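Have a look at the structure below before the remarks.
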Amino acid sequence: MEYSVIVLYWNKYDEIKLILSALAVQNYPKIDYEVIIVDDGSAVKLNDLVSRYSKQMNIQYLRRPHCGNRSNNRNYGAKHAKGKNLIFLDGDILPGKDLISNFEKHRKDGQVSVGYRVYLNKYEPNQISEYIVQNHFEIIENLPGTLDGRKTPMRYFRETNQYYRGGVADFVFRLL
């Protein structure tokens, strides 16, 4: 298996439904990636949702007692990963359908690839549904948003005059 997409989940059921719907329609071979949900002791268990999406993709659901530590939860997911490469998503990050294929395009052994986030500024929850995510993602791409302010490879080069040694993979959308 080439990729393990590790998604952190804690009490955001509506968001995880959207994330799983987006991961189920990746334009990357289903046999070459898995999704691992690390549940940090949420009030609502995901067994039924995971069961539904397991018909569309390889998915693991790891539930553990609440610790509130994203690093520990990411490491826990990584320990269970079967993929050669890891992609980490927080529970409020909605990936486009090209996420994995773009990581593949920019991936180099021994390097880290980063993507950009777009913070969705104004939207109503009923504007984004599983159906829209899977069939009309352009609606989400056209919602008002703000580009992530973290250091990007271009900013890194401008500020340090050195090349960033990873690749830029894709835009992902942060649900507020």
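Each residue takes its place number in the sequence, starting with 1. If you're wondering where the values come from, they're calculated on a predicted model, not measured in any experiment.
Residues I140 and N142 have side chains not in contact (no heavy-atom distance under 4.5 Å, counting atoms from C-beta outward). With contacts defined as side-chain heavy-atom distances shorter than 4.5 Å, the pair Y9/I19 does not qualify. The shortest distance between side-chain heavy atoms of E34 and I59 does not fall below 4.5 Å. Proximity of I37 to L20: side-chain heavy atoms (C-beta onward) are separated by under 4.5 Å at one or more points. Between L49 and I16, some side-chain heavy-atom pair lies under the 4.5 Å cut-off. Between N58 and V35 the shortest side-chain heavy-atom distance does not fall below 4.5 Å.
In this structure, Y3 has its ring center no closer than 6.0 Å to that of F103.
Panel note: side chain S129, backbone I132; a donor-acceptor pair is recorded below 3.5 Å. Here the side chain of E130 pairs no donor or acceptor atom with the backbone of L18 at under 3.5 angstrom. Listed for the N69 side chain is a donor-acceptor partner under 3.5 Å among the backbone atoms of N72. For S4 (side chain) and A81 (main-chain N/O), no donor-acceptor pair under 3.5 Å exists by modelled atom type.
Environment of CZ in R70: sparse, with no more than 12 heavy atoms of neighbouring residues, nucleotides or ligands closer than 6.0 Å. Other residues, nucleotides and ligands place more than 12 heavy atoms under 6.0 Å from the NZ atom of K30.
S21 and Q134 share no donor-acceptor pair across their side chains, judged by distance under 3.5 Å alone. For N73 and R64, the side-chain atoms include at least one donor-acceptor pair closer than 3.5 Å. Using modelled atom types and a 3.5 Å distance limit, the side chains of E104 and Y33 yield no donor-acceptor pair. A donor-acceptor contact closer than 3.5 angstrom is absent between the side chains of D48 and S51.
Rounding to the nearest 0.5 Å places CD1 of I100 at 4.5 Å from CD of Q26. Taking CG from D92 and CG from D14, the interatomic distance works out to 13.0 Å, rounded to the nearest 0.5 Å.
Taking 4.0 Å as the cut-off between side-chain N and carboxylate O, D90 and R74 count as a salt-bridged pair. Between E2 and K82 there is no salt bridge, since no side-chain nitrogen of the basic residue lies less than 4.0 Å from a carboxylate oxygen of the acidic one.
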> Could you walk me through whether F137 and L94 pass the side chain to side chain contact (heavy atoms under 4.5 Å, CB included) check?
Replying inline: CA-CA 10 Å; F137 203 83; L94 183 61; 4.0 Å; yes

> After noting the C-alpha distance and the side-chain angles of Y13 and L46, does the key distance pass the side chain to side chain contact (heavy atoms under 4.5 Å, CB included) rule?
Replying inline: CA-CA 8 Å; Y13 186 79; L46 301 178; 3.5 Å; yes

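For the residue pair D39 and R63, the shortest heavy atom distance occurs at OD2-NH1, 2.8 Å. Across all their heavy atoms, N27 and S101 have their closest contact at OD1-OG, 2.8 Å. Residues A43 and N11 come closest through the heavy atom pair N-OD1, 2.7 Å. For L89 against P95, the heavy-atom pair with the smallest separation is CD1-CG, 4.0 Å. Smallest separation of non-hydrogen atoms from H80 and Q60: O-NE2, 3.2 Å. Considering every non-hydrogen atom in both H66 and D40, the closest pair reads ND1-O, 3.0 Å.
By the rule that hydrophobic residues join a cluster once side-chain heavy atoms approach within less than 4.5 Å of another member, V25 and Y28 end up as members of separate clusters.
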